[in-house]
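See below for the structure under consideration.
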Amino acid sequence: MRSRYSAYVKQAFPYVYDTYHSTTKQHFTLAAIEAQSEQIEWLGLKIIETEAGLENDKEGTVKFSASHRLNEKNHYLNERSFFSRENGLWRYVNGETQLTTTAANGVKVGRNEPCPCNSGLKYKKCCGKV
């Protein structure tokens with residue numbers, strides 16, 4: 001999961017495409033991944049929970065929240081991702097996603113606290129701006 005996030009940040013889209021499971025890859029193209037990502041500035045990744053996905057497992061799940069800026073507004077991609085081993089390598093199968101303006105960590109952020117998107121601003125001046 002972290003390597004895929006890092007690839008999005010570095011715009012290493014061939015790596016993102018290569019890490020799709022073969023059953024999922026058929027629904028995507030490299031050009032589509034690039035086009036979808038060109039306006040997004042990734043700000044941070046928080047892994048919330050993992051299930052399985054260890055060395056001897058064949059499947060694993062990662063729940064995460066990834067903050068990003070799109071159209072001058074901060075958003076969070078909250079997802080439960082499903083991974084499976086294919087030819088000995090972990091591959092992204094699919095995920096249950098939710099795009100919001102709040103993180104999925106369940107912790108309420110005070111107005112004067114630092115924004116969880118790591119912008120360096122107070123929450124009320126950033127993601128908490130109404």
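Here the structure is a predicted model, which means the values were calculated and not measured. In this chain, numbering begins with 1 at the start of the sequence shown.
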Sequence neighbours left out, what passes side-chain contact (heavy atoms from CB on, under 4.5 Å) with [X]? Give chain and number order.
{"X": "Glu49", "value": "Lys63, Arg80"}
{"X": "Ser22", "value": "Glu86"}
{"X": "Asn94", "value": "Phe82"}
{"X": "Asn112", "value": "Lys122, Lys124"}

Over 12 foreign heavy atoms within 6.0 Å of CD, Glu34: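 Above 12, so yes.
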Sequence-distant partners of [X], ring-ring contact (aromatic ring centres under 6.0 Å, His included), two or more places apart:
{"X": "His21", "result": "none"}
{"X": "Phe13", "result": "none"}
{"X": "Phe28", "result": "Tyr20"}

Give, for atom [atom1] of [X] and atom [atom2] of [Y], the distance between the pair rounded to the nearest 0.5 Å.
{"X": "Asp18", "Y": "Tyr92", "atom1": "CG", "atom2": "OH", "result": "16.0 Å"}
{"X": "Ser84", "Y": "Leu89", "atom1": "OG", "atom2": "CG", "result": "11.5 Å"}
{"X": "Glu41", "Y": "Asn74", "atom1": "CD", "atom2": "CG", "result": "8.5 Å"}

List the atom of [X], the atom of [Y], and the distance in Å for their closest heavy-atom pair.
{"X": "Ser37", "Y": "Ile33", "value": "OG-O, 2.9 Å"}
{"X": "Asn78", "Y": "Ser65", "value": "OD1-OG, 2.7 Å"}
{"X": "Ser67", "Y": "Tyr76", "value": "CB-CE2, 3.5 Å"}

Exam field: side chain Gln26 to backbone Thr23, donor-acceptor pair closer than 3.5 Å: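 Indeed, once roles are kept as given, a pair shorter than 3.5 Å links the two residues.
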Test item: Arg85 side-chain N/O and Glu59 main-chain N/O as donor-acceptor pair under 3.5 Å: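 Answer holds: no.
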By side-chain hydrogen bond (donor to acceptor under 3.5 Å, both in side chains) - contacts of [X] (at least two apart):
{"X": "Thr29", "value": "none"}
{"X": "Arg91", "value": "none"}
{"X": "Ser81", "value": "Glu79"}

Side chain to side chain contact (heavy atoms under 4.5 Å, CB included) between Ile47 and Met1, worked out: CA-CA 9 Å; Ile47 303 295; Met1 178 65 239; 3.9 Å; yes
Is the closest side-chain heavy-atom distance between [X] and [Y] below 4.5 Å?
{"X": "Arg69", "Y": "Leu43", "answer": "yes"}
{"X": "Phe64", "Y": "Leu45", "answer": "yes"}
{"X": "Leu77", "Y": "Thr97", "answer": "yes"}
{"X": "Thr61", "Y": "Phe83", "answer": "no"}

Distance under 6.0 Å and angle within 45° of ring axis: Lys25 vs Tyr17: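 Yes, a cation-pi geometry holds between Lys25 and Tyr17.
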Show every donor-acceptor pair shorter than 3.5 Å between a side-chain atom in residues 4-12 and any protein atom, with sequence neighbours excluded, or say none if there are none.
residue: Arg4; atom: NH1; partner: Val16; partner atom: O; Å: 3.1
residue: Arg4; atom: NH1; partner: Thr19; partner atom: OG1; Å: 2.6
residue: Tyr5; atom: OH; partner: Gly44; partner atom: N; Å: 2.9
residue: Ser6; atom: OG; partner: Arg2; partner atom: O; Å: 3.0

